[in-house]
**Q** 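Quick one: structure below, then a few questions.
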Amino acid sequence: MNKIIYLDAAASYQKPESVIRAEVDFLSNKYANSGRGICRLATDVDSMVLGARQVAAEFIGAQTESQIVFTAGTTDGFNKIAHMLRLGANQTVVVSDLDHHSARLPFVMSGANVVVAPLDDELNFDLNNVPYADVFVITAMSNVIGVQQDVAKIIDAAKQKNPNVITVVDAAQSVVHSEIDVEKLGCDFLCFSAHKIGGDTGLGIMYIKNPDLYKPVVFGGGMVNRIMDNQILFNSAPEVYEAGTLPLTQIAGLVPAIKNIKANRPDLDLIKYMYDEIEKIDRVHIISKRDSSVLSFVVDDMHVLDFGALIGAYGVCVRVGNMCASWIHQYLNIAGSIRISVGAYNSLDEVKQAIEYIKEILK
Ligand SMILES: Cc1ncc(COP(=O)(O)O)c(C=O)c1O
C-alpha cells in the first residue's frame with residue numbers, strides 16, 4: 001500500500017501534536033463544564049475558555065474578548081449572522097461568485113434581495129463597480145481560486161455607496177495564510193473555523209465589532225442572567241450568543257492551533273512548484289494562479305471524480321468536485337475542479353511524488 005499523501009489542507013488541516021496533546025490532557029485530567037460550576041475543576045475550565053477567547057481576539061486584532069463568539073464553525077457563524085440581522089425583501093445583500101455555499105446561502109434563505117458583485121478579469125472584486133449594499137458579504141479568499149482579496153478596499157468602496165453598510169467577512173481560507181486585523185479591515189463580522197488552522201472540527205470563531213447591537217437567535221442555557229416572572233434578562237456578549245454547552249474539548253485545542261499556524265504557515269512555494277510542473281501536462285488547464293494558496297485545475301476528457309478516484313488509489317488525497325463553491329465554477333463554465341492544497345506538514349518529496357502519480361494517470 002502506498003503511503004498517504006494528504007494534499008487537502010484547505011478542506012481540513014491535519015492536527016499538530018500540540019493540539020492533540022491539549023485535547024487529550026483536557027479530556028483526561030481537566031474535564032468539566034464551563035459557565036456553570038463553582039468547583040475548582042469547573043472554574044479552571046472557565047479560565048481556559050476565557051484564555052482561548054483572549055488568544056483568539058489577539059489573533060485577529062479584536063479589541064476585547066467580548067467580540068469573540070464561539071460557534072460550531074464558519075457555516076454556523078454565517079447562519080447566525082443572517083438571522084441576527086433580521087433581513088427582509090427590502091434589504092440588499094451583496095455577495096460574489098467567490099462565495100462558498102456557507103457564506104451566501106444563509107442570506108439567500110433570509111429572503112433579502114441578493115445582488116452579485118461583479119468580478120474583474122483577475123477574479124477579484126471589481127472595485128470600480130461595487131453595488132449598493134445594506135449587507136456586504138466578502139469572501140476574503142476563495143477556496144477554489146485561493147487569491148487574497150483586498151478586504152479593506154472592498155469595505156471602503158462599499159461604504160462609499162452606503163456609509164451604514166454591514167460588512168461580513170468569510171475568513172475561512174484567508175486566516176490560514178495571512179494575518180488578520182479586524183480593526184484595520186473595519187468589518188462588522190468575520191468568521192473562520194478552527195479545523196482549517198489545525199484546531200478541531202465543531203468550533204468556529206465569529207467576530208462581532210459591536211456585540212451589544214444584536215439580539216440573540218439561539219436560546220437556552222448559559223445565555224440567561226435571570227428570569228423573573230415573564231421578564232428575561234440575558235447575559236451580555238459573548239455568552240448571550242452561545243446558548244448551550246460550548247465545544248470545550250475543541251476550545252482546549254484552539255490555543256495550540258493558533259500558536260502553531262502563526263509559527264508555521266503552509267509553504268506556498270510547494271504550490272508554485274506543482275503549478276510549474278502540472279502546467280506542462282498537455283491535458284491540464286489550471287484555473288488558479290501561480291501565487292495562489294491552492295492549485296485548482298481541470299483535465300481534458302476526464303471527469304474530476306474519475307481523477308479523484310485514480311489519484312486516490314495511489315494514496316494521494318486531493319479535493320474534487322464543486323468544493324461547495326458552485327458559483328465560481330458556473331462563472332468559469334466548468335462543472336467542477338480538482339484542488340490541491342498544502343499544510344505546513346507537507347514536504348517537497350510528497351509533492352514530487354504526487355506529481356509523478358498525476359503524470360502517470362494523465363499520460
Ligand atoms: C471559504 C470557505 N468558507 C466557508 C467554509 C465553511 O467552513 P465550515 O465547513 O468549517 O463551516 C469553507 C470550508 O471549506 C470555506 O473554504
Side-chain angles (χ1 to χ4, degrees), residues 6-15 19 56 60 69-83 93 95-109 117 119 123-125 136-149 151 154 167-178 180 185 187 189-207 218 247 250-251 253-254 257-258 261 266 271 287-288 292-296 308 317-329 331 336-343:
Y6 185 81
L7 297 176
D8 202 11
S12 206
Y13 210 84
Q14 294 293 336
K15 312 306 165 209
V19 170
I60 59 167
V69 175
F70 289 128
T71 63
T74 309
T75 306
D76 184 40
F78 268 82
N79 276 278
K80 285 196 168 124
I81 295 164
H83 281 101
V93 179
V95 297
S96 80
D97 284 339
L98 300 172
D99 294 334
H100 190 278
H101 297 168
S102 301
R104 189 192 293 190
L105 289 182
F107 293 99
V108 172
M109 301 313 290
L119 301 177
L123 299 179
N124 296 322
F125 277 79
F136 206 118
V137 175
I138 303 165
T139 295
M141 181 182 276
S142 147
N143 59 322
V144 179
I145 302 301
V147 173
Q148 179 68 47
Q149 297 295 310
V151 176
I154 299 165
T167 52
V168 186
V169 178
D170 178 352
Q173 295 293 334
S174 67
V175 70
V176 181
H177 300 282
S178 49
I180 290 179
L185 296 181
C187 56
F189 292 93
L190 178 141
C191 297
F192 64 94
S193 303
H195 72 97
K196 303 240 191 233
I197 57 165
D200 211 342
T201 53
L203 173 65
I205 274 80
M206 171 169 76
Y207 160 81
V218 181
Q250 292 87 333
I251 291 172
L254 183 64
I258 290 176
I261 200 76
I271 294 291
I287 60 168
S288 55
S292 295
S293 63
V294 296
L295 175 63
S296 296
C317 305
V318 301
R319 179 86 196 269
V320 294
N322 70 19
M323 324 280 162
C324 306
S326 299
W327 300 292
I328 194 66
H329 289 99
Y331 187 92
S337 57
I338 300 153
R339 182 186 70 194
I340 292 176
S341 54
V342 293

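Just follow the structure's listing: the first ligand is 1, and inside any ligand the first atom is 1. What you see below is based on every heavy atom in this structure, not just the backbone, and it leaves out hydrogens, waters and symmetry mates.
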**Q** Judged by modelled atom types alone, do Gln173 and Ser293 share a side-chain donor-acceptor pair under 3.5 Å?
**A** no
**Q** Would a 4.5 Å heavy-atom cut-off, applied to side chains only, mark Asp8 and Ser341 as touching?
**A**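 Side-chain contact under 4.5 Å: yes.
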**Q** Please verify the inter-ring angle class for Phe107 with Phe78; under 30° counts as parallel, over 60° as perpendicular, anything in between as tilted.
**A** perpendicular
**Q** Any side-chain heavy atom of Ser174 within less than 4.5 Å of one from Val169?
**A** no
**Q** Pairs of nitrogen or oxygen atoms, one from ligand 1 and one from the protein, closer than 3.5 Å: please tabulate them with distances.
**A**
| residue | atom | partner | partner atom | Å |
| --- | --- | --- | --- | --- |
| ligand 1 | 3 (N) | Asp170 | OD1 | 3.3 |
| ligand 1 | 3 (N) | Asp170 | OD2 | 2.6 |
| ligand 1 | 10 (O) | Ser193 | OG | 2.7 |
| ligand 1 | 10 (O) | His195 | NE2 | 2.7 |
| ligand 1 | 11 (O) | Thr74 | N | 3.4 |
| ligand 1 | 11 (O) | Thr75 | N | 2.9 |
| ligand 1 | 11 (O) | Thr75 | OG1 | 2.5 |
| ligand 1 | 14 (O) | His100 | NE2 | 3.3 |
| ligand 1 | 14 (O) | Lys196 | NZ | 2.5 |
| ligand 1 | 16 (O) | Gln173 | NE2 | 2.7 |

**Q** May I ask you to check whether Ser102 and Thr75 show a side-chain donor-acceptor distance below 3.5 Å?
**A**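 There is such a pair between these side chains.
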**Q** Can you find a pair of side-chain heavy atoms, one from Asp97 and one from Arg104, that are under 4.5 Å apart?
**A** yes
